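What follows is a single structure, written as structure tokens, with notes after it.
For clarity, every value in this text was computed on a predicted model and none was experimentally measured.
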Amino acid sequence: MVLGSETQSYERTLSTSSVVSDRNEEAKKLCEQNGVSLYSCSPPSSGPSASLSRAKTTSNPKGTKTLESRSEIRRSSACPMYSGHCSWMRRSESTCTVSISGISCAKGRIRSAASLPQLAKSGSKGGQRVNSKSPCLLVALRPLNVDQEREKFFKSNFTYNPQFQYEEPFPAAVLTKYSEASDQFITQAVRIMQAVLAKYGTYESFEVTNGGSQLSKCQIWNNIRKYMQKEGCAGEIVVHLSEDLLSQAVMMIENSRPTLTINLSGARQYWLEGMLRHEIGTHYIRGVNNSRQPWHNSDGRKLFGLKPANPTEEGLASLHSVLFRKHPFLWRAALLYYTVCSASHMTFCQLFKDLEQFVLDPGVRWEYCVRAKRGLTDTTEKGCFSKDQVYLDGILRILRHRRRIDFQLLAALGKVSYEDLERLKDSAVLQSPRIPHFMQDQNRYQKQLDHIIVTNHLSDEELAHLLPDGL
């Protein structure tokens, strides 16, 4: 595992003997070093112990391919992304909420994993620093003056509509693409949030009751280390802790390496593992598997006629965020969906006031409003950036078809839609894919999806009506 802090990093190679040394002493050292523990990265291994979860291709009597998964202890830290291109790290999560100052990224030095397979290197020409590429859209969409506008907004007693500034203009076609909000699942989004409020009174009460206490840095590092051991990916991901994220976590490519940044305020006792299942167990593992497939790049995707990875990618990750919780409410996905829909016909101030029915904390409401209004300069305008609706959209589509989806195959094929599984499996590389540890027991996995449906007051009949076959 590779861990990093905002201001410093340490590197050390752990031998086999040190791994099995006294755990209390190790935990003490981690705390003393602000929780930083960097493992060396060994070359990729092709042997039988190269991954935590294996799957092999077999033939049934009809001659079709199936996946057999088994768990093995991972002894090597294979790092396939370091020696070559990082085209596997293609994500579609809205990552523009990253605070650039919080993670020390200069222009051209850090980008969203959604848009950049490998980081562009900064160089010099004629004594001047040049950048081969400009920052990706989702990073550029974060207003430069968000802190100043926040102060003005709160001083005005929530009556001032922020005037956002951005680092550079972005393509009008892209903003147009995400300017239209959908209300297809607005009834379900509101019902999910109302179910939480009916049970707990306020979201804040729900968060404290179910999320548990906020974790210290030392506790977060220890939990991350244990999770990476479960997935067999120690040494492959740089991890930062930050206080400057609007989102809970974000996976990016920084200095050509997959880097996970986690919001300290969102790291709660019972919810941190769900966050790691979202970012590492879903996005990262599917990305690694994707790198081995013939559709790992844009030309391959065109050749095979693949559908977009979203909404499957973010829907699956969002389900994994709440998987195995006692009360797996889909609150965040529902609130993001609702906020975008409302932003499309409200000003910033109107939206902020409207969200009070669901969220009391003004600081939290500000963050949701900024996400929904990003891309706009004058927020007196009615409009939205609709990408955040992908989470609930993907969740409901996957739940609708959960009985038909081979979820282990969905992980093994990489960044593909569940709709493409059947036609792609015969062309896929299925030898030794990585399968997340929580997908090993498919019976238990399916029961958890059923539990999510019941908890969120959904039903198969309603989903079938909303999403009829063939649409």
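- Not counting sequence neighbours, the partners of D450 by the salt bridge (charged side-chain N to carboxylate O under 4.0 Å, His left out) test are R402, R403.
- Side-chain contact check for L272 versus Y227: every heavy-atom pair is 4.5 Å or farther apart.
- Side chains of F185 and D393 form a contact here, defined as non-hydrogen atoms less than 4.5 Å apart.
- Under 4.0 Å is where a charged nitrogen must lie from a carboxylate oxygen, and between D420 and R301 no such pair does.
- The closest side-chain heavy-atom distance from T455 to R325 is not below 4.5 Å.
- Counting only heavy atoms from C-beta outward, the side chains of L409 and L424 never approach each other to under 4.5 Å.
- Proximity of the aromatic rings of H451 and F324 is defined here by a centroid distance below 6.0 angstrom, and this criterion is not met.
- Residues F329 and N456 share a closest heavy-atom pair of CA-OD1, 3.4 Å.
- A distance-only check finds a donor-acceptor pair linking the side chain of N289 to the backbone of A411 [under 3.5 Å].
- For the pair L410 and V416, the tightest heavy-atom approach, listed with the atom from each and the gap, is CD1-O, 3.8 Å.
- Shortest non-hydrogen contact noted between G383 and L376 is O-CD1, 3.7 Å.
- Looking at I453 and L463, their side chains come closer than 4.5 Å, going by heavy atoms from C-beta outward.
- Atom OG1 of T312 sits about 12.0 Å away from atom CD1 of I395, to the nearest 0.5 Å.
- A ring pair (Phe, Tyr, Trp, His ring centres under 6.0 Å) check over residues 249-275, counting only residues at least two apart or in different chains, returns the pairs F206-W271.
- Between L335 and Y203 the shortest side-chain heavy-atom distance does not fall below 4.5 Å.
- The one candidate from E273, H320, H283 that meets the side-chain hydrogen bond (donor to acceptor under 3.5 Å, both in side chains) condition with H278 is H283.
- Between Y338 and F358, the two ring planes are perpendicular [angle over 60°; tilted spans 30° to 60°].
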